[in-house]
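Residue numbering restarts at 1 for every chain, and letters A, B, ... go by the order of the sequence lines. Keep in mind that the numbers below use all heavy atoms, side chains included, and drop hydrogens, waters and symmetry copies. Note that the structure is a prediction, hence the values are computed from the model and not measured.
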Number of protein chains: 2
Amino acid sequence: MVSLTEENYLKALLSLAKEKGEVNVTDLSKHLGIKMPTANSMMKKLAEKKLVVYESYKPLRLTEKGKKTAGLIIRKHRLTEMFLVDKMGFGWEQVHEIAEQIEHIHSQDFFEKMDELLGYPKFDPHGSPIPDKNGKMEWISYQTLTHCNVGDVVHLAAVTNSSAEFLKFLNARELKLGARLRILAIESFDKSMTITYDGRSDEVLSALVCEKLLVTL
Amino acid sequence: MVSLTEENYLKALLSLAKEKGEVNVTDLSKHLGIKMPTANSMMKKLAEKKLVVYESYKPLRLTEKGKKTAGLIIRKHRLTEMFLVDKMGFGWEQVHEIAEQIEHIHSQDFFEKMDELLGYPKFDPHGSPIPDKNGKMEWISYQTLTHCNVGDVVHLAAVTNSSAEFLKFLNARELKLGARLRILAIESFDKSMTITYDGRSDEVLSALVCEKLLVTL
DNA sequence: GTAAAATGTTAGAATAGACTAACAAAATTT
DNA sequence: AAATTTTGTTAGTCTATTCTAACATTTTAC
């Protein structure tokens with residue numbers, strides 16, 4: 001049995017591993033908003049449950065069992081987000097918080113029904129891949145907008161931040177997944193970008209925003 | 001702030017108060033499957049939070065605040081059950097367990113959206129009233145089938161047990177809410193009833209079943 | 001290649017929620 | 001009304017999850 005708390009640790013480990021490759025206790029505790037010793041003792045506990053490989057002073061790793069467990073929680077999270085947007089009419093900026101809670105519901109049937117009603121989606125409303133029933137996730141390698149050049153024309157494929165604050169910022173600029181973006185200029189001083197898309201022309205996006213936007217050619 | 005555990009105590013207090021008028025610690029602990037001292041100390045805690053009136057050796061009562069809080073949890077539970085049945089295609093026997101978890105989700109918006117999508121229903125799939133946004137519940141006084149007589153023709157309005165086991169039993173007999181029941185005979189020995197409805201004739205229901213069926217004339 | 005800084009670990013304490021054992025009060029029986 | 005049974009309370013323990021303070025190791029800087 002994995003507690004709600006343990007589930008949150010596993011999820012954090014998986015997403016930090018994605019971003020960084022390796023995970024250390026400092027990053028984990030910062031990500032979860034807890035103190036380092038708390039994270040540390042939980043790692044020992046998860047190691048006993050064979051969900052984490054823990055060796056003193058070494059980076060943390062999820063075991064296969066841990067990866068699968070974490071993947072299945074993320075699956076529930078993303079199916080929920082998709083359901084909330086597609087079937088209940090929420091905006092993509094509203095669903096992260098709610099999904100954060102619903103992902104801990106213990107009912108296979110509930111999430112299978114969602115999956116079925118949604119027609120077995122592969123991506124959530126923020127463009128993130130939905131893991132399969134074995135917790136396996138296709139890790140698509142998009143580029144951040146930051147890495148593009150003047151003149152490039154790309155499509156917005158995903159965002160790496162699902163906070164309401166960030167997504168409201170994008171809403172205000174009518175910037176949606178799938179949008180075709182043309183890069184007009186890059187300010188060398190602060191790396192801010194001037195782009196054009198849909199009805200909007202000459203929108204300026206700071207580097208902080210650009211690095212959260214994943215694009216495809 | 002009310003914890004998930006506290007919410008479950010409040011819900012138990014409200015439903016026991018409905019059944020019995022007064023609530024004592026023994027019934028409460030049995031209902032929740034915990035030991036008496038555990039319930040007792042939680043009652044003191046809820047009394048400090050002004051949710052329960054607690055006096056040594058006296059029956060337990062919810063305060064107005066406690067009733068409202070409990071009513072709002074039941075509202076979330078029943079809206080969820082209705083949503084699961086009406087919008088997601090679950091059977092009425094599948095939804096209690098799932099709703100038991102979803103009722104603890106903290107998001108006004110989530111339940112308001114359900115309510116809206118459902119068209120502001122007044123009853124859940126088991127015929128129980130859905131409390132309003134102030135946690136107030138209309139307490140409709142149905143009769144149990146047990147109290148009817150031979151020759152009576154009544155309609156099944158609600159069931160007082162939402163367990164999968166009981167509802168599967170009714171499913172197997174195609175006994176649904178709204179069904180028009182005619183009482184053909186009552187066995188004086190064990191109070192079992194022979195009834196006819198819809199396509200079914202001469203179904204025999206034990207007193208144990210009959211007392212869980214609420215009917216209107 | 002030490003010294004300083006960053007990171008990780010251990011030990012001990014707090015809170016929530018559950019338990020058992022022992023005791024106290026109230027209700028019921030005879 | 002005394003004895004018995006049921007019900008309620010108190011005290012102390014346990015586990016999960018968190019914390020702070022102190023200490024240890026590793027990494028980085030000079």
To the nearest 0.5 Å, tell me how far B/Asp152 CG sits from B/Leu181 CG.
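Interatomic distance, B/Asp152 CG to B/Leu181 CG, rounded to 0.5 Å: 10.5 Å.
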In Å and rounded to the nearest 0.5 Å, what is the CG to CD distance from B/Leu213 to B/Glu211?
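These two atoms lie 9.5 Å from each other.
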At under 4.0 Å, does any side-chain N or O of A/Tyr9 touch on OP1 or OP2 of D/dA16?
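Checking D/dA16 against A/Tyr9, no side-chain N or O comes under 4.0 Å of OP1 or OP2.
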OP1 or OP2 of C/dA16 versus the side-chain N and O atoms of B/Ser3: is any pair under 4.0 Å?
no
List for me each residue that meets side chain to side chain contact (heavy atoms under 4.5 Å, CB included) alongside A/Thr194, sequence neighbours excluded, and say none if there are none.
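Side chain to side chain contact (heavy atoms under 4.5 Å, CB included) list for A/Thr194, sorted by chain: A/Leu184, A/Ala185, A/Asp202, A/Val204.
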Which ones in residues 48-61 of chain A lie close to DNA chain D, meaning a heavy atom under 4.0 Å from one of its atoms?
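When residues 48-61 of chain A is checked for heavy atoms under 4.0 Å from DNA chain D, the hits, listed by number, are A/Tyr57.
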Sequence neighbours left out, what pairs pass ring pair (Phe, Tyr, Trp, His ring centres under 6.0 Å) with at least one residue falling in residues 42-88 of chain A?
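Ring pair (Phe, Tyr, Trp, His ring centres under 6.0 Å) check on residues 42-88 of chain A returns A/His77-A/His96.
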Are the side chains of A/Ile102 and A/Phe110 in touch, meaning some heavy atoms are under 4.5 Å apart?
yes
Would you list the pairs meeting salt bridge (Lys or Arg N to Asp or Glu O under 4.0 Å) in which at least one residue belongs to residues 95-121 of chain A, sequence neighbours left out?
A/Lys11-A/Glu100, A/Lys11-A/Glu103, A/Arg75-A/Asp115
Distance in angstrom units between [X] [atom1] and [N] [atom2], rounded:
X	N	atom1	atom2	value
A/Glu22	D/dT27	CD	P	11 Å
B/Leu28	D/dT7	CG	P	14 Å
A/Met1	D/dT15	CE	C1'	17 Å
A/Met43	D/dT18	CE	P	10 Å

Residue whose nearest DNA chain D nucleotide is more 5′ - B/Asp27 or A/Leu4
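So the residue in question is B/Asp27.
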Under 3.5 Å side-chain donor-acceptor pair for A/Ser163 and A/Asn161
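There is such a pair (donor and acceptor under 3.5 Å, judged by atom type) between the side chains of A/Ser163 and A/Asn161.
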Members of residues 33-42 of chain B that approach DNA chain C, where some heavy atom sits under 4.0 Å away
B/Ile34, B/Lys35, B/Pro37, B/Thr38, B/Met42
Sequence neighbours excluded, which residues qualify as salt bridge (Lys or Arg N to Asp or Glu O under 4.0 Å) partners of A/Lys212?
none
